[in-house]
Amino acid sequence: MSSPKSDFLRTLTERGFIHQTSDLDGIDAAAKEGRLTTYVGYDCTGPSLHIGHLLSIIMLHWLQATEAGKPIALMGGGTTRIGDPSGRDSTRQILTTEKIEENKNSIKTAFNRFLTFGNGKLDAVMSDNAEWLPHLNYIDFLRDIGRHFSVNRMLSFDSVKLRLERDQELSFLEFNYMLLQAYDFVELNKRYGCVMQMGGSDQWGNIVNGIDLGRRLGTPQLYALTCPLMMTASGQKMGKTANGAVWLNGDLLAPYDYWQFWRNTEDADVERFLKLFTYLPMDEIAKLAALGGAEINEAKKILATEATAILHGREAAELAAETARVTFEQGELAESLPTVEISAALIDAGLGVLTAFGPEYAKLLPSTSEARRQIKSGGLRVNDKTVTDERGVLRVADLTAEGVVKLSFGKKRHVLLRPV
RNA sequence: GGGGGAAUGUCCCGAGCGGCAAAGGGGGCGGACUGUAAAUCCGCUGCGUAAGCUUCGUAGGUUCGAGUCCUACUUCCCCCA
């Protein structure tokens with residue numbers, strides 16, 4: 001197609017969101033008229049979404065911001081009971097319905113910062129396929145939906161093919177996943193006039209199945225749009241911090257740590273990430289991207305603050321930036337660092353360093369054995385002084401003027417112990 | 001139904017004559033160098049502030065001593081029917 005006429009497609013294209021689409025012209029036209037109602041589905045396999053999901057959420061944001069259509073966030077309350085085999089070597093553990101409900105409620109909270117929900121034409125809605133999938137009748141489903149699926153073709157999909165080639169188990173349960181996801185698309189079309197599904201590039205097959213099913217059932221033309229799988233410039237899969245996944249929920253990953261995650265972006269990724277993970281205008285991004293050498297750190301700080309702001313709010317982002325500035329640039333003690341309160345009696349009696357860093361208190365390290373090893377390689381500091389004696393003890397004399405002890409693991413992770 | 005093979009350090013792959021806390025990778029973490037980057041180099045990578053304790057699919061057995069030998073069971077793969 002020529003250059004896109006809709007703000008929506010132009011934005012996604014210039015910011016690098018688009019990996020694959022069906023019928024670009026059709027999408028463009030629908031976006032221009034504001035009738036591109038679009039959904040993205042989210043599994044409820046974990047307690048929170050993580051940055052792997054962020055691209056699709058931001059795409060929904062742009063959909064709404066450019067007035068291209070109504071965003072639908074679909075919770076996979078039903079499909080999670082089956083388990084998507086895509087990208088999986090082995091069968092997912094089957095979660096209990098209680099666990100799925102719990103995850104779902106926790107996941108939902110992340111969307112409010114990105115989308116405006118309500119009853120208006122372009123207001124976002126949250127749906128849940130547990131509303132319809134559990135009520136399907138097996139025979140009816142086979143007759144109405146199953147007959148449109150060719151097993152020959154299903155076997156050719158990567159998610160299935162890989163398992164078969166490697167002689168890995170693929171249960172009949174999982175084999176049905178793609179039918180249900182296809183059905184979701186059609187159902188959302190009926191309920192909300194949804195005409196497009198977006199997702200990560202690994203979802204392409206599943207999405208196209210929905211389009212095919214729609215055509216066979218006489219549903220209006222449906223569209224697909226996928227975004228690239230996020231990798232860092234050095235080829236690592238994105239989304240890991242030292243402590244695990246980069247969760248979107250603040251109770252699982254504090255705004256400060258989230259800010260740090262973005263601050264540590266590789267040079268080569270800065271421009272790409274500014275486009276994808278912030279709402280900054282393109283000309284401003286171009287300026288930041290032009291920075292070279294050590295100056296690029298300024299761009300990284302802006303990336304971190306902007307990305308944190310759209311998830312946790314401006315105030316939390318500024319606080320994280322300030323905490324980082326005091327800690328890293330002035331080398332001073334920032335009282336807003338993550339703080340663990342301990343009983344004053346522990347300090348009075350003298351608290352062993354190994355224990356203090358361990359899982360019981362600062363939680364910087366998973367075990368005291370690990371703490372011992374880190375001391376040997378010089379990775380632990382108390383009040384910015386490297387710990388050399390694994391038998392060292394924290395005492396009242398170690399408290400700073402602020403009445404805390406600063407424990408550091410590596411150059412980047414700090415925790416304050418505050419006796420109360 | 002019959003025959004053969006395999007399960008190893010709770011991230012993955014993977015060696016392992018009866019003396020093993022168990023080779024080697026990958027990944028991860030720390031240190032050095034830098035810019036809280038990448039690349040590179042070095043170190044660490046079961047638990048325990050000591051003594052020591054607990055690991056090789058599960059349960060028994062042989063032995064001074066078992067990842068290693070024997071028996072049963074579980075799961076997976078291959079061949080035959």
Side-chain angles (χ1 to χ4, degrees), chain A residues 87-91 93 163-171 231-246 256-274 288-289 291-305 307-308 320-332 334 337-338 346 349-382 384-395 407-414:
Chain A
R88 283 272 163 166
D89 282 353
S90 50
T91 305
Q93 196 187 347
R163 290 271 190 96
L164 295 179
E165 277 170 2
R166 296 182 196 159
D167 285 318
Q168 281 158 343
E169 174 82 4
L170 176 75
S171 69
M231 304 281 260
T232 67
S234 42
Q236 309 278 324
K237 211 182 266 175
M238 261 187 78
K240 290 280 178 185
T241 66
N243 299 322
V246 182
Y256 172 76
D257 291 316
Y258 189 76
W259 192 94
Q260 282 296 328
F261 169 77
W262 294 108
R263 174 62 246 263
N264 287 306
T265 297
E266 294 177 27
D267 287 9
D269 287 324
V270 171
E271 180 177 2
R272 197 159 54 96
F273 287 2
L274 281 167
L288 292 170
L291 298 174
E295 280 193 323
I296 200 167
N297 282 320
E298 294 310 311
K300 290 185 190 181
K301 287 178 207 164
I302 292 170
L303 167 65
T305 304
T308 305
E322 178 58 16
T323 304
R325 197 182 65 76
V326 172
T327 306
F328 286 96
E329 293 177 26
Q330 294 177 205
E332 287 173 11
L337 282 171
L346 282 167
L351 178 62
V353 266
L354 294 179
T355 320
F357 276 93
E360 224 175 316
Y361 300 107
K363 299 184 177 63
L364 283 167
L365 299 164
S367 69
T368 56
S369 291
E370 179 65 20
R372 192 174 299 110
R373 270 180 233 118
Q374 289 301 342
I375 287 173
K376 278 186 196 127
S377 44
L380 299 187
R381 280 164 297 144
V382 172
D384 296 317
K385 257 183 58 195
T386 305
V387 180
T388 51
D389 182 8
E390 64 179 52
R391 300 197 185 196
V393 173
L394 302 180
R395 300 183 185 286
L407 302 183
S408 310
F409 168 42
K411 273 177 293 205
K412 299 181 188 174
R413 266 159 292 157
H414 311 278

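Reminder, nothing fancy here: chain letters follow the sequence lines and each chain counts from 1. What you see is a predicted model; the values in this text were computed from it and never measured.
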For B:rC44, does either OP1 or OP2 sit under 4.0 Å from a side-chain N or O belonging to A:Ser377? no

Expressed as a whole number of Å, how far does the P atom of B:rG67 sit from that of B:rG61? 15 Å

Mate of B:rC41 where both pairing distances stay under 3.5 Å, Watson-Crick or G-U: B:rG31

Assign each of A:Ala321 and A:Phe409 to its nearest nucleotide of RNA chain B by heavy atoms, then name whichever residue's nucleotide is nearer the 5' end. A:Phe409

Which one is paired to B:rA7, where only Watson-Crick or G-U wobble pairs with both distances under 3.5 angstrom count? B:rU74

With the side chain of A:Lys412 defined as its heavy atoms from C-beta on, choose the nearest nucleotide among B:rG35, B:rG30, B:rA37. B:rA37

Need one value for A:Lys300: base, sugar-phosphate or nothing, where a base atom within 4.0 Å counts as base even if backbone is also close, heavy atoms only. base

For the side chain of A:Arg373, starting at C-beta, report the closest nucleotide among B:rG30, B:rA32, B:rC47. B:rC47

Has A:Arg381 got a side-chain N or O lying under 4.0 Å from the OP1 or OP2 atom of B:rG30? no

Between A:Arg372 and B:rA50, is there a contact of a side-chain N or O with OP1 or OP2 at under 4.0 Å? yes

What form does the base of B:rC44 take, syn (within 90° of 0) or anti? anti

So how far is it from A:Thr386 OG1 to A:Ile375 CD1, rounded to the nearest 0.5 Å? 10.5 Å

A:Arg263 side chain, from C-beta outward: closest of B:rG35, B:rG31, B:rU36: B:rU36

5′-ward residue of the pair A:Ala324/A:Thr368 relative to RNA chain B: A:Ala324

Of the listed nucleotides B:rU36, B:rG30, B:rA37, the one nearest the side chain of A:Phe328: B:rU36

Verify the contact: side-chain N or O of A:Ser369 to OP1 or OP2 of B:rG48, cut-off strictly under 4.0 Å; return yes or no. yes

Any donor and acceptor pair, going by atom type alone, linking the side chain of A:Thr265 with main-chain N or O of A:Trp262 inside 3.5 Å? yes

What contact category does A:Gln260 fall into here, base, sugar-phosphate, or nothing, at under 4.0 angstrom with non-hydrogen atoms? base

Please determine if a side-chain N or O atom of A:Lys376 lies less than 4.0 Å away from the OP1 or OP2 oxygen of B:rU45. no

Calculate, to the nearest 0.5 Å, the distance between atoms CD1 and CG belonging to A:Ile302 and A:Leu274 respectively. 8.0 Å

Distance-only donor-acceptor test, A:Glu370 side-chain atoms vs B:rU45 base atoms, 3.5 Å: no

Length of the CG-C1' vector between A:Asn264 and B:rG35, whole Å: 11 Å

Rounded to whole angstrom, note down the C1' distance from B:rC17 over to B:rC12. 29 Å

Could you tell me whether the side chain of A:Lys301 has a donor or acceptor atom within less than 3.5 Å of a complementary atom in the base of B:rU36? no

Which pair of heavy atoms, one from A:Asp384 and one from A:Ser408, lies closest together, and at what distance? OD1-OG, 4.2 Å

Using a 4.0 Å heavy-atom cut-off across all strands, classify A:Gly410 as base, sugar-phosphate, or nothing. sugar-phosphate

Minimum heavy-atom separation for A:Gln374 to A:Leu380, with atom names? CB-CG, 3.9 Å

Spell out, as yes or no, whether a donor-acceptor pair under 3.5 Å connects the side chain of A:Arg395 to the backbone of A:Leu351. no

Euclidean distance for P, B:rG60 against B:rU10 (whole angstrom): 23 Å

Quick check on B:rU49: is either OP1 or OP2 less than 4.0 Å from any side-chain nitrogen or oxygen of A:Thr355? no

